[in-house]
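Report on the following structure.
Please read all numbers here as calculations on a predicted model, not as lab measurements.
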Amino acid sequence: MLFNLLNMDKLKKQQFAWAFYDWANSVYSLVITTAIFPIYFGAILENSKDIQLFGVHYSDKDILYSYSITASFIIVVILSPILSAISDQIGNKKRFLKIFASLGSFGCASLFFFTDEKTLWIGIVGSVLASVGYWGSLVFYNAYLPEIATEEQQDKLSAQGFVYGYIGSAILLILCLVLIIFVDESFTRYSFLLVAIWWIGFSQYTFKHLPDSYTKPNVKDNINIWKNSHRELFKVGQELFKYNRLKYFLISFFFLSVGIQTINYMASRFGDKELELDANKLILTILIIQFVAVGGSYLFAFLSKKLGNLKALQLGLCIWAGICIGAFVIDKSDTYIEYEFYLIGGLVGLVLGGVQSLSRSTYSKLLPKTNDNTIYFSFYDIIEKIALIIGSFVFAQVLYLTGSMQYSALSLGVFFIISIILLRFIKTKP
């Protein structure tokens with residue numbers, strides 16, 4: 001009896017440590033990708049007409065920004081299957097989680113030295129390294145979910161991670177804003193250092209309490225791992241697509257990821273460039289999204305119990321499609337434009353964490369029983385990265401062809417509609 005109680009206490013501590021990594025790393029996704037860095041990036045290059053980087057000319061800073069995001073995801077797509085194969089075979093998931101978290105923190109810290117067009121290369125390289133570190137770490141982080149939680153616990157634990165992330169990142173963002181607004185604008189650069197310290201500092205609790213591995217180390221075929229990793233990922237994909245439920249879910253997940261992840265990265269630039277809102281209003285909208293998202297995550301965890309994961313996901317995706325239409329019809333000349341943008345931000349917050357959290361836990365529930373969870377979640381994460389590569393490319397190309405981000409936003413709505421249709425082909429409720 002005492003042994004069981006000790007095991008339960010250890011498992012609860014592991015689950016908290018797992019969810020707490022969202023508290024640590026979500027400051028990157030909020031401060032660097034959504035709030036401060038995109039606005040800072042635009043301000044630094046505000047008067048730049050013909051931007052040159054590594055011998056390539058860019059007519060628009062937003063196109064450069066979008067392409068840099070695409071580049072970071074191409075790197076993750078190439079690296080993920082190799083590292084996940086190594087992790088599953090020699091059992092060192094936590095080590096790679098540490099490596100990528102450290103890389104991401106270093107990338108964030110390096111942004112401090114991006115001050116003008118001459119140091120643009122530092123801004124781009126630093127943001128790419130931070131992105132690779134963040135998304136690379138999630139491959140190994142997500143793979144722990146089915147190992148430390150039962151199917152009944154996974155929706156709640158997945159949502160708990162997102163909630164911790166929203167609260168923690170909002171706290172640091174508010175601290176950064178206090179420094180920028182009430183002390184000096186030059187503290188914008190120091191916010192990048194704070195993100196790096198927060199991320200790697202709070203990650204230490206996760207590193208301490210997560211188990212090293214649930215797989216048995218096997219180092220006999222280490223050399224062949226590097227050669228066969230992408231082949232192994234292809235085999236995993238073939239295996240997963242034999243299950244109709246997983247096949248339709250993964251294709252649906254690809255389309256919803258195109259929309260969600262691209263909107264996450266480009267929302268601030270949309271408000272800045274397309275609607276010409278000042279930085280304070282953009283930041284306020286982002287804070288609205290963060291705090292509404294806390295309730296949204298719990299709401300969709302509740303809806304999953306009442307409606308099932310699939311119907312709850314479809315409901316969330318309908319709202320996402322409506323958001324894209326709203327972004328298309330919104331008019332910057334409207335007297336109430338800022339309130340309309342706040343409303344759109346509130347709707348984004350309502351469905352942002354809920355849909356992402358349910359997607360992760362639904363996939364975990366649908367997986368066949370296995371000890372090689374990292375390679376399965378690597379496949380899941382690679383689908384997400386390829387989706388963002390395509391999404392950011394589509395966004396940039398529509399912007400290039402039309403000159404308007406509103407048409408880019410509308411094009412993303414199509415992906416949500418396709419995702420809804422595909423989810424309807426899944427007959428069995430997870």
Side-chain angles (χ1 to χ4, degrees), residues 77 80-81 84 135 138-139 141-147 149-159 161-162 233-264 297 300-301 303-321 351-370 372-391 412-430:
V77 166
S80 287
S84 61
W135 290 104
L138 289 185
V139 173
Y141 167 68
N142 287 334
Y144 273 106
L145 180 59
E147 296 181 359
T150 64
E151 285 192 9
E152 292 74 22
Q153 296 172 326
Q154 285 171 19
D155 287 340
K156 184 179 179 180
L157 183 59
S158 182
F162 278 100
L233 189 73
F234 181 74
K235 288 180 181 177
V236 166
Q238 285 184 314
E239 179 185 340
L240 293 178
F241 273 67
K242 289 178 182 177
Y243 302 92
N244 276 334
R245 292 182 303 163
L246 272 167
K247 176 175 68 177
Y248 287 119
F249 175 78
L250 286 169
I251 299 172
S252 173
F253 175 70
F254 166 79
F255 283 102
L256 73 86
S257 295
V258 170
I260 292 176
Q261 298 302 338
T262 307
I263 289 172
N264 275 350
S297 295
F300 275 86
L303 289 175
S304 69
K305 288 185 177 180
K306 296 296 181 181
L307 305 176
N309 287 41
L310 299 179
K311 287 185 179 178
L313 276 173
Q314 288 174 45
L315 175 61
L317 292 173
C318 285
I319 298 174
W320 270 115
V351 291
L352 179 60
V355 170
Q356 289 182 304
S357 172
L358 276 185
S359 296
R360 179 168 63 185
S361 59
T362 301
Y363 179 69
S364 182
K365 290 179 179 181
L366 290 172
L367 281 178
K369 298 298 180 184
T370 177
D372 297 335
N373 287 305
T374 311
I375 192 69
Y376 285 117
F377 270 94
S378 176
F379 190 81
Y380 175 86
D381 285 311
I382 283 176
I383 286 177
E384 191 173 34
K385 306 310 169 290
I386 293 174
L388 206 152
I389 290 170
I390 293 174
L412 296 177
V414 176
F415 292 97
F416 291 119
I417 294 170
I418 295 172
S419 182
I420 294 169
I421 295 170
L422 287 166
L423 285 176
R424 297 183 64 84
F425 284 94
I426 304 175
K427 301 300 181 184
T428 305
K429 182 171 67 175

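Ser252 is linked by a side chain to side chain donor-acceptor pair (under 3.5 Å) to Ser419, counting only residues two or more places apart in sequence or in another chain. Here Phe254 pairs with nothing under the ring-ring contact (aromatic ring centres under 6.0 Å, His included) rule; sequence neighbours left out. By the ring-ring contact (aromatic ring centres under 6.0 Å, His included) test, Phe416 pairs with Trp320, sequence neighbours left out. Scored by the side-chain contact (heavy atoms from CB on, under 4.5 Å) test, Lys311 finds Leu307 as partners (sequence neighbours excluded). When the side-chain contact (heavy atoms from CB on, under 4.5 Å) test is applied to Ile418, the partners found at least two apart in sequence or on another chain are Phe255, Val414, Leu422. Remark: Phe253 engages Tyr380 in a ring-ring contact (aromatic ring centres under 6.0 Å, His included) (not counting sequence neighbours). Contacts of Gln356 classified as side chain to side chain donor-acceptor pair (under 3.5 Å), with partners at least two apart in sequence or in another chain: none. With sequence neighbours left out, the side-chain contact (heavy atoms from CB on, under 4.5 Å) criterion links Ala301 to Ala159. For Ser257, the side chain to side chain donor-acceptor pair (under 3.5 Å) criterion is met by no residue, not counting sequence neighbours.
Between the CG atom of Leu310 and the CD1 atom of Ile420 there is a distance of 13.0 Å, given to the nearest 0.5 Å. In this structure, Phe300 CZ and Ser359 OG are separated by 10.5 Å, a value rounded to the nearest 0.5 Å.
In this structure, Phe249 and Leu313 have side chains that are in contact, with non-hydrogen atoms separated by less than 4.5 Å. Leu317 is listed as a side-chain neighbour of Leu423, based on a closest heavy-atom distance under 4.5 Å.
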